[in-house]
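Here the structure is a predicted model, which is why all the values come from computation and not from measurement. Letters go in sequence order (proteins before strands), and every chain restarts at 1.
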Protein chains: 2
Amino acid sequence: MTVRTKQHPSVSSPTGLAHLANDLRLACMRISRRVRFESTDAVAPHQFSVLARLAEEPRTPRELAGIERVSAPSMTRTVAGLVERGLVSRQDDPTDGRQVILSLTPAGQTLLKDTRRRRDQWMAARLQSLSVEERETLARASEILLRVAGE
Amino acid sequence: MTVRTKQHPSVSSPTGLAHLANDLRLACMRISRRVRFESTDAVAPHQFSVLARLAEEPRTPRELAGIERVSAPSMTRTVAGLVERGLVSRQDDPTDGRQVILSLTPAGQTLLKDTRRRRDQWMAARLQSLSVEERETLARASEILLRVAGE
DNA sequence: TATTGTTATACTCTATAACTATA
DNA sequence: TATAGTTATAGAGTATAACAATA
């Protein structure tokens, strides 16, 4: 006799799709929450986001504000804090005197890397207790989810 | 010839495990972020968390503060706001005069349900564009993730 | 005149410390 | 004396409005 904790009659029926959407959203939110709670980060979430964006490429405050969905003055504050801590550096845009170009300092790169490693530790510990099949399922799922989140 | 977007040499080797942990954490955090951004909720995240906890069972402010990892005064404020909006009701504990028992009002239950439905909509829309196999993978993954998050 | 960024000001959520009521 | 909850106060993040500098 097989025991199933959840009813997923079909992943294609309207009801099944709604259930899957709910379970998946809940699962992702709970994992995110646990990761945040378990790792005591050196920077606040909104600061971390900015560091991650600047690691991709240097950006202006306005670009960051748009990406992070906060107001320009809020981003001014956030960036000021990161600059003060030596994690981000400012540079005048040579082609447009109104703009400022922000980029990560070596210290900022190090902190970002360390923070990510610490966050991964909790997750890695949990994964170790799973079966190979379960880990393979999660590997396939993470590819799909990253694609979905990027749309 | 199979094309893989990511290198997962093995989900069991130390390196593969670390990669999987990183991908999975990233995927969950990005999905959570998108869900939050796409749905303009009637209550703030910390208020939503409290409503969800009280939907499970009535609790005291102190219990909520512990679960949500905030100070007692912060929870006092959060709860006061929810009570003022008619979403949560207070009741004196008959066995201990110091304690207060908090529970959801019908309005709170309705709002919680509506908020969850709205959050699911974005996710359900994305799932529709996936193949049946991908949805089945995500269904299995969500079971595993919910179990892992609950540990 | 439009745009980038900052400053001024106010509101919210958070915390710690001090206080009240009850056990 | 210890615990549950609140109030007092301060710090940090967010927002809108107003301003400065540049395009």
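- Of the possible donor and acceptor atoms, one in the side chain of A:S32 sits under 3.5 Å from a partner among the backbone N and O of B:C28.
- In this entry the distance linking CG of B:L102 with C1' of D:dA4 reads 12 Å, nearest Å.
- Residues from residues 58-67 of chain A with heavy atoms under 4.0 angstrom of DNA chain C, sorted by number: A:T60, A:P61, A:R62.
- The pair B:R117-B:D120 fails the salt-bridge criterion, with no side-chain N (NZ, NE, NH1 or NH2) lying under 4.0 Å from an Asp/Glu carboxylate O.
- For A:E68 and D:dA15, the CD to P distance is 11 Å, given to the nearest whole Å.
- A:S129 is linked by a side-chain hydrogen bond (donor to acceptor under 3.5 Å, both in side chains) to nothing, counting only residues two or more places apart in sequence or in another chain.
- With respect to the salt-bridge test (charged N to carboxylate O, under 4.0 angstrom), the residues B:R147 and A:E134 qualify.
- Between B:R90 atom CZ and D:dA4 atom P the separation is 15 Å, expressed in whole Å.
- For the helix from C:dT1-D:dA23 to C:dA23-D:dT1, the rotation axes defined at the first and last 5 base pairs enclose an angle of 10°, given to the nearest 10°.
- B:F37 belongs to no hydrophobic cluster with other residues, because no ILVMFWY side-chain heavy atom falls under 4.5 Å from its own, directly or through intermediates.
- More than 12 non-hydrogen atoms from other residues, nucleotides or ligands lie less than 6.0 angstrom from CD of A:E151.
- Using modelled atom types, no side-chain atom of B:R118 and backbone atom of B:S39 make a donor-acceptor pair closer than 3.5 Å.
- Exactly one residue among A:R116, A:Q47, A:R119 makes a side-chain hydrogen bond (donor to acceptor under 3.5 Å, both in side chains) with A:D41. That residue is A:R119.
- Although no hydrogens or angles enter the test, the distance criterion places no donor-acceptor pair under 3.5 Å between the side chain of B:T60 and the main chain of B:V100.
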Inset, instruction - At under 4.0 Å between heavy atoms, which parts of nucleotides 13-23 of chain C does protein reach? Answer with one letter per nucleotide, 5' to 3': B base, S sugar-phosphate only, - none. - result: SBBBB----BS

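- In this view, A:R77 satisfies the salt bridge (charged side-chain N to carboxylate O under 4.0 Å, His left out) rule with no residue, not counting sequence neighbours.
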